[in-house]
Structures are given as C-alpha cells and as structure tokens.
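These numbers come from the heavy atoms of this one structure, side chains and all, not from hydrogens, waters or symmetry mates. Each chain gets a letter, A, B and so on, in the order the sequences are listed, and its residues count up from 1.
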2 protein chains.
Amino acid sequence: MAPLAAGNESPAYSEIDPKVEAMVHELIGRVADKWTLLVLEELEEGGTLRFTELSRKIPAVSQKMLTQTLRQMERDGLVHRTVHPVVPPKVEYCLTELGHGLSESFCGVWRWVEGNLEAVEAARKEFDARPSG
Amino acid sequence: MAPLAAGNESPAYSEIDPKVEAMVHELIGRVADKWTLLVLEELEEGGTLRFTELSRKIPAVSQKMLTQTLRQMERDGLVHRTVHPVVPPKVEYCLTELGHGLSESFCGVWRWVEGNLEAVEAARKEFDARPSG
DNA sequence: CTGAATCCAGTGCGATACTG
DNA sequence: CAGTATCGCACTGGATTCAG
C-alpha cells in the first residue's frame, strides 16, 4: 500500500487524470457488460463471425442487445464490421487490434479469477453463514 | 487467435470452465460497478478508512450505495470490516489480500486504457462523423 | 457515526412486430 | 439475413426517514 504523506488531508488521486479515470471506468463497464464480454471472447476465438453466428454462439443474447453491443464496440474501435453487398445480406464482425489488445489486457483478471475462484466462494459461504448480526 | 479445429461445429469454449466464465463475468461486473471500482481504489491508496472517510472521498456516492457496495465486497472477501465497540460507532474498512490481488490484476486493464485512450476517442469521433448509413 | 428501510423516478432490456 | 421501432416490465439507485 502506498504510504500516505503524514498530515496530508488533501483529496486522493492527485496523480490520476480524471479523464483516464472516467475512461477506465467506462471501458471496464463496457467489458463488464455481459454481452460485450461474450462477444469479445467469441470473436477472439472465432476470428470472423457473422451476425447470426454470434447469435448462435451466444444463445441467451437477444437480437436487440447483440446489435446494440456490436454497434458500441464498433464505435469504440474494438470490432470491425464488414458489409457484403449481396442478397441475402451478409455482415461479418472481427476484432480490431484495439479490441484484441483490450481482450488481452483482461487476461490478468481472467487468471486471477481462475486462481482465486475458490477463495471468493469460500468467503461468500463464510459470510452467508455468519450470525446475522 | 486460437486456430479452430477444421470442420468443428461444436460449441465454443470446450476448454473454458463455465463456472470460471460466470465468475470472471461476475467479478468484472462487480469492479465495473462505478462505486466498487472507486472504493477499491480508495482503499488501495488509503489503506484503512472509516465509512465516513470513504463517503467523503467519493462525494458522489449515496449512503445506500456505499453500504451496499461495501457489504458485497465484504461478502466476496475483498474487504475486511472492523467494528470498534465504542460510541459513537466506528467502523473501518481495508482491503484483504484477495481485494488487493484483484485490484492488481486490473492494472493491466488500467495500463491498456491509459495507452489506448486516444485511439478509442479517435475511433469514436470517426464513427460519429460517418455518413449516417 | 453507521446503517437499515421505504418510496419513487429513470431506464435497461426482453418480447414482438416490421423493413430492406 | 440483418437489422430498426415500439411497448412494457423489472430492476437500479437516489432521496429521505428512522434506529442503535
């Protein structure tokens, strides 16, 4: 833990850019979104996928949310959208370098969870078993 | 990108434990939560803080959400809660090892955002400027 | 000071129906 | 196939009030 300057009552994070703060927050929020995370994974694994393919691989997602999720990811430069001018329509999605990088940066979290899953579950179980006070 | 087995139409993630999947998801979701992220940071930086101190460092949080957030983090074993049996009541919060570890595992994401903040903003700007189709 | 309980407005999301 | 548009509910979270 970072030592605190003695007697320092000034606000925290003097060194943290509020813009970065907001962005981190937003980005984490984005990936935290159930669907975004799943889409990120599917595209990471599947490479290039069509709308329907994604839909099929993530059965729980509604068509509305899938569209919405993909749009937002596209806007953020995380996925690339390719429309093939044919009938029937064919639209393919794949991760951009940005999206791939973001995906990788979450590997640490992923590994942490794998390593600490049991600890968290134990903590929950213990907490829930406590005398209600 | 992981190569796909040729002709393999079986569902994705054969290697991914659905339990881990759910947990990653849940944990990311938790930290994505505005207040949890802020609390995590404050405790990481401040060490041990009282309820009111946290409240003061995160002015935007309502008392309800702060309580709720801390309870959940406590249940997950991320923070430790110490009640001092005095009047007026004094309750202190600090990160557990688990909480500290989780916090660290997010450093990668943090760094990625710092490094790619401009790229994302540029992507958004470009997306928003596109011919509306 | 710390926290639980209640009320209420905003909205995220699913279901459904329609279009190119 | 790949969307958009609309409706309605459920849940979230803020404000407020009460309590130990």
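Every residue two or more places apart in sequence or in another chain was checked for a side chain to side chain donor-acceptor pair (under 3.5 Å) with B:Q68, and none qualifies. In this structure, the side chain to side chain donor-acceptor pair (under 3.5 Å) partners of B:E92, at least two apart in sequence or on a different chain, are B:H84. With sequence neighbours left out, the salt bridge (charged side-chain N to carboxylate O under 4.0 Å, His left out) criterion links B:E114 to no other residue. The side-chain contact (heavy atoms from CB on, under 4.5 Å) check on B:S62 picks up B:K64, B:M65, with sequence neighbours excluded.
Considering only side-chain atoms of A:T67, the nucleotide from D:dT4, C:dG3, D:dA2 that sits closest is D:dT4.
Contact annotation: B:R50 does not reach the phosphate of C:dG3 (side-chain N/O to OP1 or OP2, under 4.0 Å). A:Y93 has a side-chain polar atom (N or O) that falls below the 4.0 Å cut-off from OP1 or OP2 of D:dG3. Between B:R81 and the phosphate of C:dG3, there is a side-chain N or O to OP1/OP2 separation shorter than 4.0 Å.
Rounded to whole Å, the distance from CZ on A:R71 to P on C:dG12 is 18 Å. Atom NE2 in A:H84 sits about 16 Å away from atom C1' in D:dG3, given to the nearest Å. Spacing between atom CG of A:L70 and atom C1' of D:dT4 amounts to 15 Å, rounded to whole angstrom units. The distance from atom NZ of A:K90 to atom P of D:dA2 is 9 Å, rounded to the nearest whole Å. A:L54 places its CG atom 14 Å from the P atom of D:dC1, with the value rounded to the nearest Å.
For B:E44 and B:H100, the side-chain atoms include at least one donor-acceptor pair closer than 3.5 Å.
Counting heavy atoms from C-beta outward, B:L78 and B:L95 have side chains that stay 4.5 Å or more apart. Side-chain contact between A:T48 and A:Y93: absent, with no pair of heavy atoms (C-beta onward) separated by less than 4.5 Å.
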Every protein N/O lying under 3.5 Å from an N/O of nucleotides 18-20 of chain C:
none

Report, one pair per line, the protein and nucleotides 13-17 of chain D atoms (nitrogen or oxygen only) whose separation is under 3.5 Å.
{"from": "D:dG13", "atom 1": "N7", "to": "B:K64", "atom 2": "NZ", "distance (Å)": "3.2"}
{"from": "D:dG14", "atom 1": "OP2", "to": "B:S62", "atom 2": "OG", "distance (Å)": "3.0"}
{"from": "D:dG14", "atom 1": "O6", "to": "B:K64", "atom 2": "NZ", "distance (Å)": "2.3"}

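Side chain of B:N116 to backbone of B:A119: no donor-acceptor contact under 3.5 angstrom is found.
B:F127 and A:V39 end up in different hydrophobic clusters when Ile, Leu, Val, Met, Phe, Trp and Tyr side chains are linked at under 4.5 Å.
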